[in-house]
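Here is the naming used below: chain letters follow the sequence lines, and residue numbers restart at 1 for every chain.
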There are 2 protein chains.
Amino acid sequence: MSAPFQDVTDAELAVLDVLWKHEDEHAQDQAPGVTIREICQVLYPRGKASEYATVQKLLDRLEAKGCVERRRQSPAHVFFSALSRDELIGRRLNSVAKKVCGGSLTPLLTHLVQNQELTSEERAALRSMLDQFDATKKTRRKGKKK
Amino acid sequence: MSAPFQDVTDAELAVLDVLWKHEDEHAQDQAPGVTIREICQVLYPRGKASEYATVQKLLDRLEAKGCVERRRQSPAHVFFSALSRDELIGRRLNSVAKKVCGGSLTPLLTHLVQNQELTSEERAALRSMLDQFDATKKTRRKGKKK
DNA sequence: CTGCTCTCAGACAATTCGTCTGAACTCCGG
DNA sequence: CCGGAGTTCAGACGAATTGTCTGAGAGCAG
C-alpha cells in the first residue's frame, strides 16, 4: 500500500545525506551502493560499536518509508537513495504550503524572492528559467491548436 | 532567554490560523483579541467540554514558544498572534534550507520555479519583483558611489 | 573451532503531542 | 450569602516517535 507523505527525521536525513553525497561523487557512472560500515565511518568517525546498530535501525526505517533501497549482497548489504534531495525539498515545500498557506506555493515563492538574499546572478538565473517556461508554454499551446 | 527556533504542531497551527484569520478581518483597525471560547467555536463547532482545555493547553504551549501573546482581562483572557503567517513560512523555509541544502535557499527557489505549477500571471508577478530588487540594488549602489 | 563482521529483531528511555480531569477563582443573578 | 456558569491553573495520561542499545544467529576466513 502506498504510504502517505512521510518526512524523515534529522538522524535519518544525516544518513540520506551520506548516500546523496556518495551518489554525487559518482554522477558520471553508476554509483556503487554504500554499506552500513561506510555510513558509520562518515557519521561517527570515532564511534562506539552500538552506533553500527543505530545506523542499521535508521536504514531500516528509511527503507520502510521508501526513501532508501537495499540490495542484498555479500559480504554486506548496500544501500542507495530512493528519494533525491530535490524530491525531499519538494515534499517539504508542499507540506509547508499545504499546512500554512492552504496549499498554495505562491506565498513561499514570494517569501523567498522578497527575502533579498538573492545575488544578482541568482536573479538573472531565475529570470532565465521564467523565460524558458514562458517559451515552453507558448510552444505547447501552439502545438495543441491543430 | 531567547529560545531557538521552534516549530508549531499541526494542532497549534490550527489555533494560530484562527488568530490570523481574525486579525485579517480586522486589518483596517486594531483587532480585538480572541478568547478561548471563540477559538473552540471555530475549531470544534460541536465540541465536548474537554476541548476547551485542549485549546487552553495549545495556547499555553504557543505562548511558551513566543508565538502567541496573552492579554489578561475580564471576564476572559484574549489572545493575539505574535508570529505572522509569513514569519512562520520564513522559519520553515529556513529550516528546510538548513537541514537539506546546507543553508542555501536557492535550491528551494529553483525547485519552486521549476515545479511548473506557476501560472503566467504568477511568473509575471515574480519578474516584476525581480525587477524591483534590481532597481533597488542599483539605486543603493549609485547612492554609495559618491 | 574461533573470531570478526553483519543481519535480524526487538527493548528502552526520553520526549512530544493531543486529550482529559479536577481544584480553584471570578462574576453575576437570585 | 449561595449556587451556577464560565474560566484559569496545573497537571496526568496514553500513544507515538526517536535515537540508542542489547543480544541471538548467520556467514566467512583463518
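Atom CZ in A:R70 sits roughly 6 Å away from atom P in C:dC8 (whole-Å rounding). Rounded to a whole Å, the CD atom of B:Q73 is 14 Å from the C1' atom of C:dT26. Straight-line distance from the CG atom of B:D60 to the C1' atom of D:dA12: 15 Å, rounded to whole Å. Atoms OH (B:Y52) and C1' (C:dT21) sit 15 Å apart, rounded to a whole Å. Whole-Å rounding puts the B:E38 CD to D:dG6 C1' distance at 14 Å. The nearest whole Å value for the distance from the CD1 atom in A:I39 to the P atom in C:dC6 is 12 Å.
In summary, A:E69 and A:R71 engage in a salt bridge, as defined by a charged side-chain N under 4.0 Å from a carboxylate O. A:K65 and A:D60 are not joined by a salt bridge, as no carboxylate oxygen comes within less than 4.0 angstrom of a charged side-chain nitrogen. Using a 4.0 Å cut-off between a side-chain N of Lys or Arg and a carboxylate O of Asp or Glu, B:D7 and B:R91 do not qualify as a salt bridge. Salt bridge status for A:D17 with A:K21: present, with a side-chain N to carboxylate O gap under 4.0 Å. Under the 4.0 Å criterion applied to side-chain N and carboxylate O atoms, B:D10 and A:K99 are assigned as salt-bridge partners.
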From CA spacing to verdict: side-chain hydrogen bond (donor to acceptor under 3.5 Å, both in side chains), A:E51, A:T54: CA-CA 5 Å; A:E51 276 143 358; A:T54 299; over 6 Å; no

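Contact between the side-chain N/O atoms of B:H77 and the OP1/OP2 oxygens of D:dT7 is not found at any separation under 4.0 Å.
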For nucleotides 14-30 of chain D, just jot down a letter per nucleotide in 5' to 3' order: B, S or -, based on protein non-hydrogen atoms under 4.0 Å. ----BBBBB--------

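Distance from the side chain of B:I36 is smallest for D:dT8 among the nucleotides D:dT8, C:dC6, C:dC8.
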